[in-house]
Amino acid sequence: MRSDTGQVVRLEDYRPSDYLIPEVRLAFRLDPDETYVTANLTVERRKGVSKNAPLVLDGDGLDLVTLHIDGKPAASDAFEAGPDLLTVTKVPETGRFELTIETRLAPSRNKALMGLYVSNGVFCTQCEAEGFRRITYFLDRPDVLAVYTVRIEADRKSVPLLLSNGNPVESGELGDDRHYAVWHDPFPKPSYLFALVAGDLGSIEDDFITASGRKVRLAIYVEHSKEGRAAYAMDALKRSMRWDEERFGREYDLDVFNIVAVSDFNMGAMENKGLNVFNDKYVLADEDTATDADFANIEAIIAHEYFHNWTGNRITCRDWFQLCLKEGLTVFRDHEFSADQRSRTVKRIAEVRTLRSHQFPEDQGPLAHPVRPGRYREINNFYTATVYEKGSEVVRMIRTILGEEKFRAGMDLYFERHDGQAVTIEDFVKVFEDASGSDLSQFALWYHQAGTPHVAATVRYDAAAKELQLDIEQSVPPTPGESRKKLMHIPLAFGLVGPDGEDIAYGEVEGVEVENSVLHVRKRKHSVRFRGVPQRPVLSINRGFSAPVTLSLEVRPEDRFFLARHDSDLFNRWQSLNTLFTGALIDASRRLRGGKTAEFPSELLAHPAELADDETLEHAFRAQALAVPTEADIAREIGSNIDPDAILSARLALQEGIAASGREVFERLYASLEDKGPFSPDAASAGRRALRNVLLEYISAVTGDPQIAVRQFHAATNMTDRAAALMVLAHRFAGTDATGEALAAFEKRYRDNPLVLDKWFQIQAMTPGAETVDLVRSLMEHPAFSMANPNRVRSLVGTFGSANQTGFNRADGEGYRFYARTVLELDKDNPQVAARLATAFRSWRSLEPGRREHARKALAEMAAVKGLSRDLRDIVERTLA
Ligand code: TRP
Ligand code: ZN
């Protein structure tokens, strides 16, 4: 493992490489303990570069065996080699030569899961962002594009399957029970998209005929006997391929498309050209083992990686600062895909919930950074919610500003102009300016300025003048390294809602530009006047969450209830109720801290039952609306001096109040919504299950009886219902016999299925209260738990840190101490995952003083450890700064 050198990479230091590598021939002789890699590189000095310029190649812990220049052993004074660097000091005159590098690797000992490693007996690679340099010396940067030919040789019996990027060209038997295969990828690509997978796997296969009539062979490789659980992923893949043709005019470009599921993987999945590698959690699903959320995630991630073929692979990033060029755009594309496959409003609500719970705290804490950062110490730490989710929001705003047609014209221009190139955010913004004639220079600040903008608005209606006065003010809070902020261009979709729920027409608007029901806020303050407004409207603003901002709008509670019932924008119906819940929860937690009891307005307690029973609304929408804000949501809104225990109590009290008020409705609906007929993972069926499972929580809260959940747990015919019942038991009835028995039954049934046991770990890790730290500690001793597997670690330890407010933030600091020690332990083997887990501390400054001090100490203890990885040191030091 590389430890930290403190070196910072800066965007302004970017310069093109002195050399290019247009062609790469790789040969692998695979063996778990001693693999040999021969890299034959065609190297070319770039025009205009000095003849004396050395060729400096990246490495990371490499063991050089031999080195040849133009087929001859390199003279000892022609190069300098170390584990992390290979410098060819004497480059042939002509500047064009062949460099042949032989390295020796030990994939079985690679615990960082970057480069070439072995997962459950399968050889696989992960090269993004800088993993290729753990395989061979290279110009390991995304603007060096090469055509790859890859030869893989391995034992025939134990490694029957040999895969790499591109199309298969040749395969055959060798003596000694060995065999080989050759792959060729005709599309020039950066090294981070290289992949190799070799092992003994089962598969399902299918064909896809592209819009222009080409046949593509599709295959998904999984461990033997798991083939049946890959069918949904295959279906999602074919739908993604069709959708990208229809919505973006993008066709697939190779003869084969392969997906491999592996069990040890640092992230969700990876878009290697023609050979996507997936965390098996995002491939394997059937009704007995996967929840509806799992199915939805699989659909989204299969689509995401497939969409990268055009947004990321055919057009890639010039440097890693441009990460959002591929990630933000591809998330936007997978969001659109899911919205088209399911319910647009429900999908949008889910997106906004994720944005607020993951990106907002990042943007509002010590790890805040722009969507396109300007510096980094460790690029792995910038695969963040800001780059991905806010990056997607920025693309979405471009569409809002330009409209669907001009947006599509801009995308078409992007593909036409930049195919085969490694480009920047500036190039991306420019295509939209050129295609639409709009000036996006102020808008582009969304890429360059960190922090969540705040919009404050007040409204006044003048009945006599029939005018609506709207005052808007924007501000962007300071973030690390950026104390003074520039004014943003914030597109706010809106409507003036009349008494019948219809938007009312208005006359001229002064003080702000309005186009297609979007207000374009560009100045610090806008004093807006709507003329010709016939009656007093209720303002519905930031419809569909058109801009990722925080908003304060003075609205009378009755107007919020009105919007919750009547806004034609369903997103804002959900938002209005959510805002009412949040306000009431903040109040209640203050009262509880002041030694008083929680109290809630009766209309708020009654509203959910009315909504649950509204047959005009989709089940999934009702489920979303009935879910009260999470403890983390409430904490974020309070913002400072947080006491998680008071928040938990307030939330439980609200749920009980709602349940008591709506009990009859909830019980009737719960009975009527039971799954009938065969299982289907489609959105409508999933929505029905989601609503029923929210109702189960309410009913259990008001009856105080675990038996309803016990019955559902045993009667369940799918994992969604089974896991939901177990969750209610484990969280609301912790420590009871009923819960103990259900947990034991679940464990027994799924003992041999690690992905399902992850749910069992996760549910228990989320148990509210001070004792959970001990529970988590003891579960780490469970035979199914392993520190070497990122899914296990995230399910148990990660969930405890990121989704257990009262456990992690235990008043005596034990949650932090346990967590910090576990992160340090993990850092020795897997820095990337360790650093990711450590981000759980990012909101430490908003805690009440006692907890804040405990958290600071835990962070300081980590910082004091010598030999921390660069990944973890970067996170810890920025969090403490
Ligand atoms: N590019 C991948 C995606 O978003 C994610 C990724 C980046 C990744 N780095 C990784 C996956 C390291 C695994 C390991 O689709
Ligand atoms: Zn991606």
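Values below: all heavy atoms of this structure, side chains included; hydrogens, waters and symmetry mates excluded. Start at 1 and go down the list; that is how both ligands and their atoms are numbered.
Two rings, from W243 and F248, have their centers less than 6.0 Å apart. Ring centroid separation for the pair H369 and F382 comes in under the 6.0 Å cut-off. Taking the six-membered ring wherever Trp is involved, the centroid distance between the rings of F428 and F432 falls below 6.0 Å.
Closest protein heavy atom to atom 1 (N) of ligand 1: E128 OE1, 2.5 Å. Nearest non-hydrogen protein atom to atom 11 (C) of ligand 1 is M267 CB, 3.3 Å.
The heavy atom nearest to atom 7 (C) of ligand 1, considering only Y383, F265, Y388, is found in Y383. In this comparison of H308, E271, E130, Q126, the heavy atom closest to atom 12 (C) of ligand 1 sits on Q126.
Per-residue contacts place Q832 under 4.0 angstrom from the following atoms of ligand 1 (heavy atoms of the residue considered): 12 (C). Listed by number with element, the atoms of ligand 1 under 4.0 angstrom from any heavy atom of H304 are 3 (C), 4 (O), 15 (O). Atoms of ligand 1 found under 4.0 Å from any heavy atom of A269 (numbered from 1 in listed order, with element): 2 (C), 3 (C), 5 (C), 11 (C), 15 (O). Heavy-atom contacts of K326 reach the following atoms of ligand 1: 1 (N) (cutoff under 4.0 Å). Residue M270 has at least one heavy-atom neighbour below 4.0 Å for each of these atoms of ligand 1: 1 (N), 2 (C).
Atom OE1 is the N/O/S atom of E327 found closest to the Zn ion (ligand 2).
For E305, a nitrogen or oxygen atom sits less than 3.5 Å from a nitrogen or oxygen atom of ligand 1, counting backbone and side chain alike.
Coordination check, E271 versus the Zn ion (ligand 2): failed, since every N/O/S atom of the residue sits at 2.8 Å or beyond.
A salt bridge (charged side-chain N to carboxylate O under 4.0 Å, His left out) with E336 is found for one member of R348, R396, R344, R408 and no other, namely R344.
Between Y306 and Y252, the two ring planes are tilted [angle within 30° to 60°].
A heavy-atom distance below 4.5 Å is found between the side chains of L218 and K238. Contact of the R372 side chain with the H448 side chain is registered, since non-hydrogen atoms from C-beta on lie closer than 4.5 Å.
The side-chain tip of K111 does not point at the ring of Y117 from less than 6.0 angstrom away and within 45° of straight on.
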